[in-house]
2 protein chains.
Amino acid sequence: MDIENAKIPQATAKRLPLYYRFINNLHSQGKMRVSSKELSEAVKVDSATIRRDFSYFGALGKKGYGYNVEYLLSFFRKTLDQDETTSVALIGVGNLGTAFLNYNFMKNNNTKIEVAFDARDERIGQKVGGVPIKHIDDLEKHMEGISVAILTVPSSAAQGIADRLVEAGISGVLNFTPARITVPSSVRVHHIDLAVELQALVYFLKHYPLDEEEDSQ
Amino acid sequence: MDIENAKIPQATAKRLPLYYRFINNLHSQGKMRVSSKELSEAVKVDSATIRRDFSYFGALGKKGYGYNVEYLLSFFRKTLDQDETTSVALIGVGNLGTAFLNYNFMKNNNTKIEVAFDARDERIGQKVGGVPIKHIDDLEKHMEGISVAILTVPSSAAQGIADRLVEAGISGVLNFTPARITVPSSVRVHHIDLAVELQALVYFLKHYPLDEEEDSQ
DNA sequence: ACGAAAGTGTTAAAGCGTTCACAATCTCGT
DNA sequence: ACGAGATTGTGAACGCTTTAACACTTTCGT
Ligand SMILES: NC(=O)c1ccc[n+]([C@@H]2O[C@H](COP(=O)([O-])OP(=O)(O)OC[C@H]3O[C@@H](n4cnc5c(N)ncnc54)[C@H](O)[C@@H]3O)[C@@H](O)[C@H]2O)c1
Ligand SMILES: NC(=O)c1ccc[n+]([C@@H]2O[C@H](COP(=O)([O-])OP(=O)(O)OC[C@H]3O[C@@H](n4cnc5c(N)ncnc54)[C@H](O)[C@@H]3O)[C@@H](O)[C@H]2O)c1
């Protein structure tokens, strides 16, 4: 909530949305309490890690009891700013872009794709998943209030678009392009490289043999 | 290559496909040599980290010179087993699944989606991106030689399908579902949770202010 | 009303990954 | 043939993350 939040480890911050979603599920199932052990099994994170994560925010639970679901939920809602909505633009309405537009990122989410852009004329003016598609040439005209961009254009176009997004005052970019884009350090970029993820999985399979028993991840 | 590969840190292993792809680009551009500094700027990984990563495989470079692109390429090709192809199945031909099928994962890749499955009758028998779609009921009939599965079904179906995949002898699963699936520890699961990625980016933007100058990531 | 069971919060340690910094080595132009 | 310049490979320090372990607190059934 306050400035002191900067103390929360990045690894913890990345798990918060995961916790939030699961706690939300518990709540709609009418569950009243939950232990770090139960949570651990559901989200596949060590229970000690969960307790540690929660403890950064103070004492959220009760010894011998666990955590009150309703309290946890309202706490996370505040912490993750579930009330304010972040406006998102999507650039590149191709295979991936279309999938994202059709998917409702609003479910339990504080983000909303407000506008999409593409270069192909036949796409312009259409709506996909309720989101209007504008021409990329008009990017600057429709970026008011947009703080995050999802980049699903061909990799050759990525840097050029990124430059324009920066110029238009973007704060964060979720980049699905294989291109590693260069931006000022005031802009945060997260790369999600699906081909690399698949390759890495294959590499791990071949080189890091796993046990032969029991349940895990 | 050999058994000693188990010594390579996981963080390094995850970067290998990234290096490989970029070295491949350099090679097709006819570039003969490259330094860790150049590589660093391109893939946005600290140059010391790159040198350290490479050093796990021995001395791949020459002091005062850098790395020979051709040598590096052939080395990575061997190391990442770019020769053998891994057969992949995709389960759930919806928004995301269709995007993946249309995308050619074979570009510079040692993976190939051989078969897809869905539950909707109208989909069965069609081909998407050249991949035939079978009925999920026939899963077991078409899993011969498949070692990796991409899971893009609704989250409610994820665990059930995962169980059947395990039964059918799967080695690895790339799970795009929000559900955290439970499998024997002999099966490797990588979760890619797109909603969480977006939420995490937003959280970082709000709570981890960045510099106001210069270029970065 | 009590004692066993449950389960947190945290201290301490171990594990992992990144980065610094530089000696050692090689290159290349003159 | 040489010396200035380039660039690697790595020991050591550092910082971040996970995990173990347990004292302490609360619950809850009897
Ligand atoms: N689809 C996948 O499964 C997949 C997997 C891994 C990586 N990727 C990466 O994601 C990106 C998108 O993939 P895709 O399969 O959706 O590609 P795609 O070709 O289907 O879509 C790209 C879209 O961007 C539009 N576009 C092109 N230039 C543009 C510009 N300058 N401004 C605005 N729009 C522009 C095109 O008209 C098209 O609609 C690519 O970089 C690809 O490498 C995709
Ligand atoms: N599309 C996105 O942008 C996005 C983003 C984040 C997460 N996800 C997750 O990815 C998954 C897929 O998303 P989507 O948008 O493609 O959904 P979707 O509904 O478009 O596709 C799901 C597909 O799975 C098929 N299916 C349903 N039950 C099945 C079964 N038992 N066996 C085989 N196939 C079955 C459906 O027929 C459908 O074609 C979901 O779990 C979703 O939460 C998607």
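Since the model is a prediction, treat every value here as computed from it, not as a measurement. Numbers restart at 1 for each chain; the letters A, B, ... are given by sequence-line order, proteins then strands.
A cation-pi arrangement, defined by a distance under 6.0 Å to the six-membered ring centre and an angle within 45 degrees of its axis, is absent between A/Arg77 and A/Tyr20.
B/His190 and A/Phe204 have their aromatic ring centers within a separation under 6.0 angstrom.
Using a 4.0 Å cut-off, some side-chain N or O of B/Thr49 falls inside it from OP1 or OP2 of C/dT19. Using a 4.0 Å cut-off, no side-chain N or O of A/Ser36 falls inside it from OP1 or OP2 of C/dG7. Phosphate contact (OP1/OP2 of D/dA6, side-chain N/O of B/Arg51, threshold under 4.0 Å): absent. Using a 4.0 Å cut-off, no side-chain N or O of B/Arg33 falls inside it from OP1 or OP2 of D/dT8.
Interface remark: the B/Arg52 side chain does form a donor-acceptor pair with the D/dG11 base, using a distance-only criterion of under 3.5 Å.
Of the candidates A/Ile192, A/Thr86, A/Leu174, A/Leu174 is the only one forming a side-chain contact (heavy atoms from CB on, under 4.5 Å) with B/Leu201.
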After noting the C-alpha distance and the side-chain angles of B/Arg21 and A/Asp193, does the key distance pass the salt bridge (charged side-chain N to carboxylate O under 4.0 Å, His left out) rule?
-> CA-CA 12 Å; B/Arg21 194 169 51 205; A/Asp193 198 322; 2.4 Å; yes
Any chance you could lay out the side chain to side chain contact (heavy atoms under 4.5 Å, CB included) test for A/Thr79 and A/Asp81, step after step, and finish with the verdict?
-> CA-CA 5 Å; A/Thr79 303; A/Asp81 304 300; over 6 Å; no
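Between the CG atom of B/Asp53 and the P atom of C/dT19 there is a distance of 11 Å, rounded to whole Å.
Near DNA chain C, meaning a heavy atom under 4.0 Å from it, residues 60-68 of chain B has B/Lys62, B/Lys63, B/Gly64, B/Tyr65 in order of number.
Among the atoms of the strands shown, none is found under 4.0 Å from any heavy atom of A/Ser47.
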